[in-house]
Number of protein chains: 2
Amino acid sequence: MTEMSGGSSRGGGLAGRIGIGLQLDAVHMKILQVLRENGRISVAALAERVGISRASAYTRFEALRADGVIKRFTAEVDHVRAGLGITALVFVTVRQQMWKQFRAQLAQMPEVEYCAITTGQHDAMIQIRMPDVASVHTLVTERLAGIPAVKATETVFILDEVLKRPYVLPSDRTPRRHPPTPTPPPTETSTPIPLGKMRFVGAAEGRTDLRGDT
Amino acid sequence: MTEMSGGSSRGGGLAGRIGIGLQLDAVHMKILQVLRENGRISVAALAERVGISRASAYTRFEALRADGVIKRFTAEVDHVRAGLGITALVFVTVRQQMWKQFRAQLAQMPEVEYCAITTGQHDAMIQIRMPDVASVHTLVTERLAGIPAVKATETVFILDEVLKRPYVLPSDRTPRRHPPTPTPPPTETSTPIPLGKMRFVGAAEGRTDLRGDT
DNA sequence: GTTGAAATTAGTACGAA
DNA sequence: TTCGTACTAATTTCAAC
């Protein structure tokens with residue numbers, strides 16, 4: 001092989017996905033689990049770990065990749081060591097009808113590592129990595145705030161990243177049966193607040209154009 | 001090779017790191033850049049892309065791994081396809097002097113993919129992946145709220161993950177010189193609020209025991 | 001740090017169960 | 001489908017430059 005990934009992720013972003021494609025069984029899950037822990041494992045070693053033949057491993061491996069279940073393989077870099085020691089979260093309020101522009105601008109900001117559209121007080125949360133605190137300030141005030149689509153921002157710094165797990169699969173979930181009385185979905189209209197400790201935050205009003213048309 | 005990663009990440013968490021180790025040059029950066037895009041590329045192909053010999057590529061590759069600059073290789077899985085279609089952020093207020101316990105409890109919750117300690121109104125932000133909305137509710141109310149260290153939570157749902165980049169390295173940054181007049185660091189005492197659009201949120205009062213002693 | 005050649009391993013393509 | 005084997009091509013290692 002020359003390369004095995006990097007060029008075949010179908011579609012554009014992480015957004016909308018249609019069709020179900022592969023039906024994943026326990027073996028698929030086990031493959032994913034191993035691959036999340038060690039993305040560079042050889043298919044032969046993978047087969048051994050999962051308990052299938054090499055031929056099957058190749059078939060399933062390729063199927064998972066082709067089907068988009070595995071989106072890409074990546075190396076996790078220590079950002080501090082790489083020169084980007086400061087991480088911040090910026091919560092952004094986006095002006096209505098300007099989501100497309102907002103997305104377009106974000107695409108041109110390489111320092112943005114992650115962006116998610118959320119319910120709650122703000123509309124989006126972006127995570128940025130910077131060499132120093134001053135750079136965060138500059139980015140937020142001069143570049144983010146300069147985007148017409150951005151109505152307001154709120155910045156918090158990340159003091160420590162406690163955990164970042166690659167193990168998140170249904171099989172990892174704690175075996176914990178749902179309560180007999182099915183919990184009602186947490187909507188704005190019916191949200192019990194048990195223990196007085198919880199608070200779900202719904203979407204802001206008039207959020208109709210959440211998805212861009214890219 | 002049989003395996004190339006997965007068992008040698010030194011230390012425990014993502015927290016404190018001592019010593020500088022390798023001094024990264026432009027070639028190292030380029031290697032990291034390629035590896036972040038394609039974690040399964042062969043060292044031979046990597047060498048060609050970076051423009052160095054195979055042997056050099058092997059040496060540098062190993063050095064980056066041994067030194068911890070590359071923390072691990074992982075496969076990015078489409079969570080929706082894998083059965084965890086719901087993503088939520090839970091902002092947690094942690095009771096003072098109970099950080100250690102909080103961390104310990106989190107370690108036992110596999111559905112938590114990411115946890116960061118932040119400045120601002122809340123103390124920590126955790127990202128969870130669940131099969132459905134009801135499970136989020138159950139997790140937050142029955143498990144998270146049940147932790148003594150957790151004083152309060154606030155949950156928001158992620159409607160769409162716009163981008164998740166593996167390209168974040170200093171070399172990716174937009175070449176934009178800092179303003180001649182050095183921007184003052186954004187502390188609570190001296191934070192200019194340009195355009196009335198920005199808002200930095202400092203740490204809550206009395207946050208002295210942010211780091212656990214693990 | 002680079003090239004080249006040898007040994008090992010990976011990836012593919014068959015049949016057979 | 002999955003497995004097992006054989007074949008081909010690539011990668012890794014190790015040598016000398």
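Labels below follow one simple rule: chain letters A, B, ... track the order of the sequence lines, proteins then strands, and each chain is numbered from 1. Since the model is a prediction, treat every value here as computed from it, not as a measurement. Every heavy atom of this structure was used, including side-chain atoms; hydrogens, water molecules and symmetry mates were not.
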Integer-rounded Å distance: D:dT11 P and A:Ile41 CD1:
19 Å

Just one of B:Ile86, B:Leu84, B:Val136 clears the side-chain contact (heavy atoms from CB on, under 4.5 Å) bar with B:Arg129, so which one?
B:Leu84

Rounded to the Å, how far apart are B:Arg40 CZ and D:dA10 P?
17 Å

In whole angstroms, how far is the P atom of C:dT9 from the CG atom of A:Leu46?
17 Å

Check: B:Ile147 main-chain N/O paired with B:Gln105 side-chain donor or acceptor under 3.5 Å:
no

So does A:Glu37 get a backbone contact from the side chain of B:Arg72, meaning a donor-acceptor N/O pair under 3.5 Å?
no

Apply the test ring-ring contact (aromatic ring centres under 6.0 Å, His included) to residues B:Tyr114 and A:Tyr114: give CA-CA distance (whole Å), side-chain angles for both, the deciding distance (0.1 Å), then the verdict.
CA-CA 13 Å; B:Tyr114 179 71; A:Tyr114 179 72; 8.4 Å; no

Rounded to whole angstrom units, what separation is found between the CZ atom of B:Phe61 and the C1' atom of C:dG1?
19 Å

Between D:dT8 (C1') and A:Tyr58 (OH): distance, integer Å
13 Å

Measure the distance from CG on A:Leu24 to C1' on D:dT1 and round it to the nearest whole Å.
16 Å

For the backbone of A:Ile41 and the side chain of B:Arg40, can you confirm whether one donor and one acceptor N or O come within less than 3.5 Å of each other?
yes

Using a cutoff of under 3.5 Å, can you pull out all pairs of nitrogen or oxygen atoms linking the protein to nucleotides 2-4 of chain D, with atom names and distances?
from, atom 1, to, atom 2, distance (Å)
D:dT2, OP1, A:Arg60, NH1, 2.5
D:dC3, OP2, A:Ser53, N, 3.1
D:dC3, OP2, A:Ser53, OG, 3.1
D:dC3, OP2, A:Ser56, OG, 2.6

Between the side chain of B:Asp67 and the main-chain N/O of B:Val69, is any donor-acceptor distance below 3.5 Å?
no

Between C:dG11 atom C1' and A:Arg65 atom CZ, what is the distance in whole Å?
14 Å

